[in-house]
Amino acid sequence: QLDEVQRLSKIVDALSLLTKADAGQISLKLEALQLDELVRDAFADAQILAKPSDVQVNLAACEPITMRGDRHRLRQLLLNLTDNAIKYNQPKGIVNMVLRRVDNTAELIIANTGKGIPPELLSRVFDRFFRGDPAHSSTVDGCGLGLSIAQWIVSAHNGSIQIASEPSKSTIVTVRLPVAINK
């Protein structure tokens with residue numbers, strides 16, 4: 001019963017966040033920050049999360065990038081995306097992370113070797129409560145709100161998020177965020 005109460009509490013918290021975000025009641029605490037430091041922290045956390053599944057997490061590149069952002073929300077974004085990449089992977093699978101600067105944009109790529117998302121479902125992955133596979137409801141913990149929250153965080157930072165997937169091969173999430181221009 002305690003597990004069910006905790007699960008319902010997480011759903012209520014996530015819905016509350018999204019409802020407040022929709023109503024414009026959440027303001028970001030913007031500050032200059034090193035996105036690469038947040039990505040390295042998320043990489044370390046992901047390695048710990050991946051151990052039980054024997055998933056290998058790699059940080060292929062992590063360029064120094066300064067940006068203005070909300071540290072707490074960007075950590076939440078990184079945790080959501082890395083957690084998904086691990087949860088929806090295969091045992092002994094791989095998660096690759098890359099952070100690089102492309103012009104005035106920070107490009108974060110998180111890819112996994114999971115079973116992928118069928119093409120006909122890709123357009124719905126950011127929908128609230130959407131779970132790509134009915135089997136996920138019993139085998140993978142979650143409520144289908146993580147990517148909706150991730151999309152809100154990226155949008156609130158004037159960025160973009162895209163997901164590409166090749167069933168039985170990989171899923172690739174690409175986040176692009178504006179960076180501070182050094183003058």
Side-chain angles (χ1 to χ4, degrees), residues 10 14 18 35-36 38-63 65 67 73-179:
K10 286 180 185 178
L18 289 169
L35 184 59
D36 52 294
L38 294 179
V39 169
R40 282 189 186 88
D41 289 346
F43 167 65
D45 293 342
Q47 288 181 305
I48 294 167
L49 289 171
K51 279 189 189 227
S53 316
D54 203 17
V55 169
Q56 178 184 338
V57 181
N58 302 313
L59 184 56
C62 190
E63 296 178 12
I65 295 178
M67 67 171 291
R73 294 298 175 202
L74 290 170
R75 282 180 198 240
Q76 185 177 17
L77 167 70
L78 291 164
L79 178 60
N80 273 345
L81 297 179
T82 55
D83 185 49
N84 276 357
I86 294 163
K87 282 193 307 193
Y88 298 109
N89 211 324
Q90 59 190 345
K92 299 186 187 238
I94 298 171
V95 172
N96 287 314
M97 300 172 65
V98 173
L99 176 65
R100 62 183 171 216
R101 185 176 179 136
V102 178
D103 298 322
N104 293 324
T105 303
E107 183 176 75
L108 171 69
I109 299 170
I110 299 176
N112 79 355
T113 56
K115 65 186 229 175
I117 303 165
E120 65 274 11
L121 299 180
L122 271 176
S123 65
R124 298 187 55 209
V125 296
F126 296 109
D127 294 352
R128 293 176 189 178
F129 297 110
F130 179 74
R131 310 270 324 256
D133 178 352
H136 286 161
S137 60
S138 61
T139 60
V140 178
D141 187 33
C143 61
L145 293 171
L147 286 177
S148 296
I149 292 170
Q151 184 180 46
W152 169 73
I153 293 168
V154 170
S155 178
H157 283 84
N158 298 312
S160 66
I161 183 170
Q162 297 174 316
I163 297 182
S165 188
E166 191 173 339
S168 302
K169 217 168 183 191
S170 69
T171 298
I172 302 167
V173 177
T174 305
V175 174
R176 291 181 181 88
L177 299 166
V179 299

Return a table of donor-acceptor pairs under 3.5 angstrom between the side chains of residues 41-50 and protein atoms on other chains or two or more places apart.
none

Show every donor-acceptor pair shorter than 3.5 Å between a side-chain atom in residues 144-159 and any protein atom, with sequence neighbours excluded, or say none if there are none.
unit_1 : atom_1 : unit_2 : atom_2 : d
Ser148 : OG     : Phe126 : O      : 2.7
Ser148 : OG     : Arg128 : N      : 3.4
His157 : ND1    : Ile153 : O      : 2.9
His157 : NE2    : Asp70  : N      : 3.0

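By the side-chain hydrogen bond (donor to acceptor under 3.5 Å, both in side chains) test, Asn89 is found to be paired with Thr113, residues two or more places apart in sequence or in another chain being considered. Remark: Asn96 engages Asn58, Ile94 in a side-chain contact (heavy atoms from CB on, under 4.5 Å) (not counting sequence neighbours). By the side-chain contact (heavy atoms from CB on, under 4.5 Å) test, Ser165 is found to be paired with Ile117, Leu122, Thr171, residues two or more places apart in sequence or in another chain being considered.
Here the straight-line distance linking atom CG of Asp36 with atom CD1 of Ile65 works out to 7.0 Å at 0.5 Å rounding. Taking CG from Asn80 and NZ from Lys87, the interatomic distance works out to 8.0 Å, rounded to the nearest 0.5 Å. Distance check, rounded to the nearest 0.5 Å: SG of Cys62 to CG of Leu38 gives 9.5 Å. A distance of 11.0 Å separates CG in Asn112 from CG in Leu81, rounded to the nearest 0.5 Å. Atom-to-atom distance recorded for Leu59:CG and Ile110:CD1 is 10.0 Å, nearest 0.5 angstrom.
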- [ ] Please lay out, stage by stage, how Leu108 and Leu177 fare under the test side-chain contact (heavy atoms from CB on, under 4.5 Å).
- [x] CA-CA 8 Å; Leu108 171 69; Leu177 299 166; over 6 Å; no
Task: From CA spacing to verdict: salt bridge (charged side-chain N to carboxylate O under 4.0 Å, His left out), Arg100, Glu107 - done: CA-CA 5 Å; Arg100 62 183 171 216; Glu107 183 176 75; 2.7 Å; yes
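Screening residues 154-164 for salt bridge (Lys or Arg N to Asp or Glu O under 4.0 Å) gives no qualifying pairs among residues at least two apart or on separate chains.
Here the side chains of Leu74 and Leu77 are in contact, with some heavy-atom distance below 4.5 Å. No side-chain heavy atom of Thr82 sits under 4.5 Å from any side-chain heavy atom of Val95.
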